[in-house]
Amino acid sequence: QKEVEQDPGPLSVPEGAIVSLNCTYSNSAFQYFMWYRQYSRKGPELLMYTYSSGNKEDGRFTAQVDKSSKYISLFIRDSQPSDSATYLCAMSAYNQGGKLIFGQGTELSVKP
Amino acid sequence: DGGITQSPKYLFRKEGQNVTLSCEQNLNHDAMYWYRQDPGQGLRLIYYSQIVNDFQKGDIAEGYSVSREKKESFPLTVTSAQKNPTAFYLCASSRSAESSYNEQFFGPGTRLTVL
């Protein structure tokens with residue numbers, strides 16, 4: 001079993017839809033949770049970062065962490081065609097040398 | 001502009017050849033990382049370096065080698081011992097690997113294809 005599981009999709013939604021992306025994990029030591037966005041043939045860029053449990057909102061994006069269920073989510077409101085990309089969740093534990101464990105990535109397509 | 005550069009963007013390798021991928025950063029970051037990305041498998045850590053002249057193996061180091069002679073440079077050599085090297089290779093850096101969390105910044109990647 002992988003430490004981090006993420007549905008690879010692909011996920012296709014119409015413009016304006018609410019998108020929900022999710023990851024589950026098995027390592028209870030994870031404390032730092034990130035979402036990266038990766039456009040085709042590009043390097044990933046950090047979208048959201050959350051420490052421990054709770055919610056974080058940034059514009060149309062909301063990240064949620066439920067450590068009791070070992071489950072994290074990224075919500076995209078009013079999705080746009082420019083949101084079409086692969087979304088990768090990543091996690092790290094305290095004092096692990098900065099090592100990140102990535103999910104498989106979910107490919108999202110937002111249709112006009 | 002501050003950032004991470006990788007070269008070349010595309011690389012073709014014949015069977016039995018060693019090839020070296022370049023990664024340079026001008027962010028003054030201490031830590032640097034190499035990942036491999038295959039379809040449907042996310043990013044897997046090959047090697048990482050927390051400081052000059054020191055590096056550690058990641059989860060899939062077999063068939064790869066690295067050096068860290070300068071703070072800004074972290075080249076990756078894909079040796080002939082790597083049985084399935086065709087993949088997208090990503091280099092990243094972060095301010096420090098010693099503190100609890102540091103954002104990793106990624107380069108644009110190198111796509112390696114074995115002919």
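Highest contact tally toward chain A, considering only B/L90, B/D38, B/D59, is held by B/L90 [criterion: heavy-atom pairs under 4.5 Å]. In terms of non-hydrogen atom pairs under 4.5 Å with chain A, the most contact-rich of B/G109, B/G42, B/A92, B/G58 is B/G42.
For B/L43, the parts lying near chain A are the backbone and the side chain together; criterion is any non-hydrogen pair under 4.5 Å. Heavy atoms closer than 4.5 Å to chain A are found nowhere in B/F105, neither backbone nor side chain. Contact of B/R111 with chain A is made through the side chain alone, with heavy-atom distances under 4.5 Å. Residue B/Y89: no heavy atom, backbone or side chain, is found under 4.5 Å from chain A.
The pair B/D30-B/R95 fails the salt-bridge criterion, with no side-chain N (NZ, NE, NH1 or NH2) lying under 4.0 Å from an Asp/Glu carboxylate O. Between A/K70 and A/E3 there is no salt bridge, since no side-chain N of the basic residue sits under 4.0 Å from a carboxylate O of the acidic one.
A/Q64 and A/S73 are not linked by any side-chain donor-acceptor pair at a separation below 3.5 angstrom, with hydrogens and angles left out of the test.
Using a 4.5 Å heavy-atom cutoff, the side chains of B/S22 and B/P75 are not in contact. A/Q38 places a side-chain heavy atom less than 4.5 Å from the side chain of B/Q37.
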